[in-house]
Asker: 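Supplied in structure tokens, the structure appears directly below.
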Amino acid sequence: MPARERVHTVVDSPVGPLTLVAADGALVGLYLAEQRHRPAEESFGAPDPEPFDEVTAQLAEYFAGRRTEFDVPLAPAGTPFQRTVWQALLEIPYGQTVSYGRLAARLGRPSASRAVGLANGRNPIGIIVPCHRVVGSSGDLTGYGGGLERKKWLLTLERGGTGQLSLPGL
């Protein structure tokens, strides 16, 4: 299969700059600054803000507390298991959390919580595919490719709160 031509743009957000990547009219990446497992910049394609008007508007509504679900075409690239996990993340309601173990059980793989965690950590479309809504079995905030401070901030936003994000440079 030929490689799809990618384009990207960078938008500001309360959690720092977000790099949006699209191919063939679908969002294939949303990366936070300094995100773990962030692909090389060269893979993002040419800069082009035009294809991102709708996703940028929806992100602005989300950060303003006026959007609880996103409605943009998504095409994350990953293994079949990763895509299954990412699809399950989309079913976690806004403002709620689920443990890695419970998510694994929902997928019919109750002993796969570690594999679910690894797939969650490789989610290429952060925020919109809400990997920040997955927590440890005790409810503790564990692991987030964008950093635990950002995870806490996003969950606070979704629970109707506001907070200061104390990240270097923000």
Asker: Contact between P76 and L74 at the side-chain level, heavy atoms closer than 4.5 Å - yes or no?
Answerer: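 A side-chain contact under 4.5 Å exists here.
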Asker: Taking atom CZ as the centre, does R67 end up with more than 12 heavy-atom neighbours from other residues, nucleotides or ligands that are less than 6.0 angstrom away?
Answerer: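 Yes.
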Asker: Might you work through the side-chain contact (heavy atoms from CB on, under 4.5 Å) test for V85 and L107, ending with a clear yes or no?
Answerer: CA-CA 8 Å; V85 171; L107 295 174; 3.7 Å; yes
Asker: Is the number of heavy atoms from other residues, nucleotides or ligands under 6.0 Å of E61 CD greater than 12?
Answerer: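 Check passes, neighbour count above 12.
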Asker: I'd like to check V28 versus H8 (side-chain heavy atoms, cut-off strictly below 4.5 Å). Are they in contact?
Answerer: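 No, too far: nothing below the 4.5 Å cut-off.
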Asker: Considering only heavy atoms from C-beta outward, does the side chain of T156 approach that of W153 to under 4.5 Å?
Answerer: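 No, every pair of side-chain atoms sits at 4.5 Å or beyond.
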Asker: I'd like to check V7 versus F52 (side-chain heavy atoms, cut-off strictly below 4.5 Å). Are they in contact?
Answerer: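 Counting from C-beta outward, V7 and F52 do come under 4.5 Å.
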Asker: For the atom pair CG (D24) and CZ (R6), what is the distance rounded to the nearest 0.5 Å?
Answerer: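 So the CG of D24 and the CZ of R6 are separated by 10.0 Å.
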Asker: Please say yes or no: joined through hydrophobic side-chain contacts below 4.5 Å, possibly via intermediate residues, are V11 and L157 part of one cluster?
Answerer: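 Yes; L157 is reachable from V11 via cluster members.
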Asker: Between Y31 and H37, is the side-chain contact (heavy atoms from CB on, under 4.5 Å) condition met? List the steps.
Answerer: CA-CA 9 Å; Y31 302 102; H37 306 302; over 6 Å; no
Asker: What are the two closest non-hydrogen atoms of G25 and P73, and how far apart are they?
Answerer: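 That closest heavy-atom pairing would be O-CG, 3.7 Å.
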Asker: Can you measure from SG (C131) to CZ (R122) and round to the nearest 0.5 angstrom?
Answerer: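 Between C131 SG and R122 CZ, I get 13.0 Å after rounding to 0.5 Å.
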Asker: Donor-acceptor pair, distance only, cut-off 3.5 Å: does the side chain of E91 make one with the backbone of A88?
Answerer: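 Flag not set: sc E91 to bb A88 has no pair under 3.5 Å.
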Asker: Determine whether more than 12 heavy atoms belonging to other residues, nucleotides or ligands lie under 6.0 Å from atom CZ of R83.
Answerer: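 For R83, atom CZ is crowded (more than 12 foreign heavy atoms under 6.0 Å).
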Asker: Do V10 and I125 share a hydrophobic cluster (ILVMFWY, side-chain heavy atoms under 4.5 Å, transitive)?
Answerer: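 Different hydrophobic clusters.
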Asker: To the nearest 0.5 Å, what is the distance between OG1 (T97) and CG (L103)?
Answerer: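 That separation rounds to 11.5 Å.
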Asker: For F63 and P14, which heavy atoms make the closest approach, and how far apart are they?
Answerer: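 The answer is CG-CD, 3.5 Å.
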Asker: Please report the closest heavy-atom contact between V15 and R150, naming both atoms and the distance.
Answerer: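 Closest approach of V15 to R150: O-NE, 2.8 Å.
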Asker: Compare all side-chain heavy atoms of F44 with those of T19 and state whether any distance is below 4.5 angstrom.
Answerer: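 Of all side-chain heavy-atom pairs linking T19 with F44, at least one is under 4.5 Å.
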Asker: Going through the distances and angles, do I127 and L32 end up as a side-chain contact (heavy atoms from CB on, under 4.5 Å)?
Answerer: CA-CA 9 Å; I127 301 171; L32 298 155; 4.2 Å; yes
Asker: Find out whether V134 and I92 are in side-chain contact, i.e. whether some heavy atom of one side chain is under 4.5 Å from a heavy atom of the other.
Answerer: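 Yes. Closest side-chain heavy atoms under 4.5 Å.
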Asker: Is the shortest side-chain heavy-atom distance between L59 and T56 below 4.5 Å?
Answerer: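 The answer is no, as the side chains (C-beta and beyond) never meet within the 4.5 Å cut-off.
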Asker: When you look at V129 and F70, which way does the side-chain contact (heavy atoms from CB on, under 4.5 Å) test go after all the steps?
Answerer: CA-CA 9 Å; V129 177; F70 292 90; over 6 Å; no
Asker: In Å, rounded to the nearest 0.5 Å, how long is the span from CZ of R66 to CD of Q58?
Answerer: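 Nearest 0.5 Å value for the CZ-CD distance: 12.0 Å.
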Asker: Out of curiosity, E50 CD to D48 CG, how far, rounded to the nearest 0.5 Å?
Answerer: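 Output value for this atom pair is 6.0 Å.
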Asker: Roughly how far apart are Y100 OH and N120 CG, rounded to 0.5 Å?
Answerer: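 Interatomic distance, Y100 OH to N120 CG, rounded to 0.5 Å: 5.0 Å.
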Asker: Where does the angle between the aromatic ring planes of Y62 and Y94 fall among parallel (under 30°), tilted (30 to 60°) and perpendicular (over 60°)?
Answerer: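 The arrangement is perpendicular - the two ring planes meet at more than 60°.
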Asker: Using side-chain heavy atoms (C-beta onward) and a distance below 4.5 Å, is R159 in contact with L155?
Answerer: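 The answer is yes, as the side chains (C-beta and beyond) meet within the 4.5 Å cut-off.
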Asker: Should the heavy atoms of other residues, nucleotides or ligands under 6.0 Å from CZ of R38 be counted, would the total exceed 12?
Answerer: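 Counting neighbours around CZ of R38, more than 12 heavy atoms of other residues, nucleotides or ligands fall under 6.0 Å, so yes.
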Asker: Compare every heavy atom of P130 with every heavy atom of I128, then report the nearest pair and how far apart it is.
Answerer: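 Residues I128 and P130, closest heavy atoms: O-CD, 3.2 Å.
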Asker: Consider only side-chain heavy atoms of I, L, V, M, F, W and Y, link residues closer than 4.5 Å, and tell whether V72 and V21 are in one cluster.
Answerer: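 Hydrophobic grouping puts V72 apart from V21.
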Asker: May I ask you to say whether E158 pairs ionically with R133, meaning some side-chain N is under 4.0 Å from a carboxylate O?
Answerer: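 Yes.
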